[in-house]
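Single-structure report; data block below.
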Amino acid sequence: MNKKIDKRRPPALQQEHLEIILEDMESKFKVVTEAVSGLSDKIDTKIDNLSAKVDTNRDEMITLMRVSMENLEGRMTDKIDEVDQKLTRQINEVDQKLTRQINEVDQKLTCQINEVDQKLTHQIREVDQKLTQEIHEVDQKLSREIHDTEQKLSGDITGVEQKLSHEIHEVKDVLTVHADSIASHESRLSSLEQK
């Protein structure tokens, strides 16, 4: 309790009253100090409890997250395996399908190539036979023409030769007559000169 100090009281009473007030304040300070100390202990205890709970919750959360990650990894691994198996099956199916198609196209084209080869071989054989026959016919024709031309030219040459031989013989006879005539004239001139 707060009491006003009466300045009119004697000093002894004032001293006593002051001591009472100090004792009362000291007791109140002790109560406050004890309360603060108790509150501090409670706060420390609460903080320790909260820290322990935080550590526990942290460990539990870490464990839970680790388990969740492991579960997620397991699910994703299973999913990846499923997708891998699915894609592998699809790839195998596409590979088998394309292989069949390639084989079918190969067989078809092989048959067509064989047919074309046989057809062209037959056509080449026919063309070869035809051209061989034509070449033989042209050879025979040209051989006959060459023979005929040779005979004709040979006959012409013989005729020209005979004609030229006859003309040469005639010229020779004429020249012989002229030579005899010239010789006769020379002989006469010679005789006249001697006279």
Side-chain angles (χ1 to χ4, degrees), residues 39-178:
L39 182 60
S40 177
D41 291 339
K42 287 182 180 180
I43 290 172
D44 291 339
T45 302
K46 195 70 173 175
I47 289 173
D48 292 338
N49 292 336
L50 287 174
S51 178
K53 286 183 180 180
V54 168
D55 291 339
T56 302
N57 290 336
R58 183 190 62 195
D59 294 338
E60 290 178 355
M61 286 297 294
I62 291 173
T63 302
L64 181 61
M65 290 178 65
R66 184 180 294 112
V67 172
S68 298
M69 290 296 292
E70 290 175 354
N71 292 334
L72 178 62
E73 183 180 2
R75 288 197 302 273
M76 292 305 294
T77 300
D78 294 338
K79 190 69 176 177
I80 289 171
D81 292 338
E82 291 177 3
V83 172
D84 180 69
Q85 292 176 357
K86 180 179 179 182
L87 291 177
T88 300
R89 284 196 303 271
Q90 291 179 350
I91 289 171
N92 290 333
E93 291 174 358
V94 170
D95 179 68
Q96 292 176 356
K97 180 180 178 181
L98 292 177
T99 300
R100 285 195 302 271
Q101 291 179 351
I102 290 171
N103 290 333
E104 290 174 358
V105 171
D106 181 67
Q107 291 176 354
K108 180 179 179 181
L109 291 177
T110 300
C111 292
Q112 291 179 351
I113 289 171
N114 290 333
E115 291 175 358
V116 171
D117 180 67
Q118 292 176 355
K119 180 179 179 181
L120 291 177
T121 300
H122 180 69
Q123 290 179 351
I124 290 171
R125 189 177 297 111
E126 289 181 347
V127 170
D128 180 69
Q129 291 176 351
K130 180 179 179 183
L131 290 177
T132 301
Q133 180 65 30
E134 289 179 357
I135 290 171
H136 182 68
E137 291 175 356
V138 169
D139 180 67
Q140 289 180 344
K141 180 180 178 182
L142 291 177
S143 296
R144 286 194 301 270
E145 289 179 357
I146 289 170
H147 181 69
D148 293 342
T149 302
E150 186 180 5
Q151 287 182 345
K152 180 181 178 182
L153 290 175
S154 178
D156 291 343
I157 290 170
T158 301
V160 170
E161 195 175 51
Q162 290 176 352
K163 181 179 179 182
L164 289 175
S165 177
H166 179 70
E167 288 179 354
I168 289 169
H169 185 68
E170 288 181 349
V171 169
K172 187 179 179 181
D173 291 341
V174 169
L175 290 174
T176 300
V177 170
H178 283 299

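Computation of the quantities below employed the complete heavy-atom set of this structure, encompassing side-chain atoms and omitting hydrogens, waters and symmetry-equivalent molecules.
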Subject >> Spacing of R100 atom CZ and D95 atom CG [to the nearest 0.5 Å] >> reply: 10.0 Å
For a quick test of your reading: what N or O donor-acceptor pairs under 3.5 Å do the side chains of residues 75-86 make, sequence neighbours left out?
| unit_1 | atom_1 | unit_2 | atom_2 | d |
| --- | --- | --- | --- | --- |
| T77 | OG1 | E73 | O | 2.6 |

When the side chains of residues 131-152 are checked against the rest of the protein, which donor-acceptor pairs come out under 3.5 Å, sequence neighbours left out?
| unit_1 | atom_1 | unit_2 | atom_2 | d |
| --- | --- | --- | --- | --- |
| T132 | OG1 | D128 | O | 2.5 |
| Q133 | NE2 | E137 | OE2 | 3.1 |
| H136 | NE2 | Q140 | NE2 | 2.6 |
| S143 | OG | D139 | O | 2.6 |
| H147 | NE2 | Q151 | NE2 | 2.5 |
| T149 | OG1 | E145 | O | 2.6 |

**OP:** Could you grab the distance from atom CD of E70 to atom OG1 of T63, nearest 0.5 Å is fine?
**Re:** 10.0 Å
For residues 155-172, which side-chain donor-acceptor pairs fall under 3.5 Å, sequence neighbours excluded?
| unit_1 | atom_1 | unit_2 | atom_2 | d |
| --- | --- | --- | --- | --- |
| T158 | OG1 | S154 | O | 2.7 |
| H166 | NE2 | E170 | OE2 | 2.4 |
| H169 | NE2 | D173 | OD2 | 3.3 |

Original post:
In Å and rounded to the nearest 0.5 Å, what is the CD1 to CD distance from I124 to E126?
Top reply: 11.0 Å
Original post:
Rounded to the nearest 0.5 Å, how far apart are OG1 of T99 and CG of N92?
Top reply: 10.0 Å
Subject >> Interatomic spacing from CG in L98 to CD1 in I91 - rounded to 0.5 Å >> reply: 11.5 Å
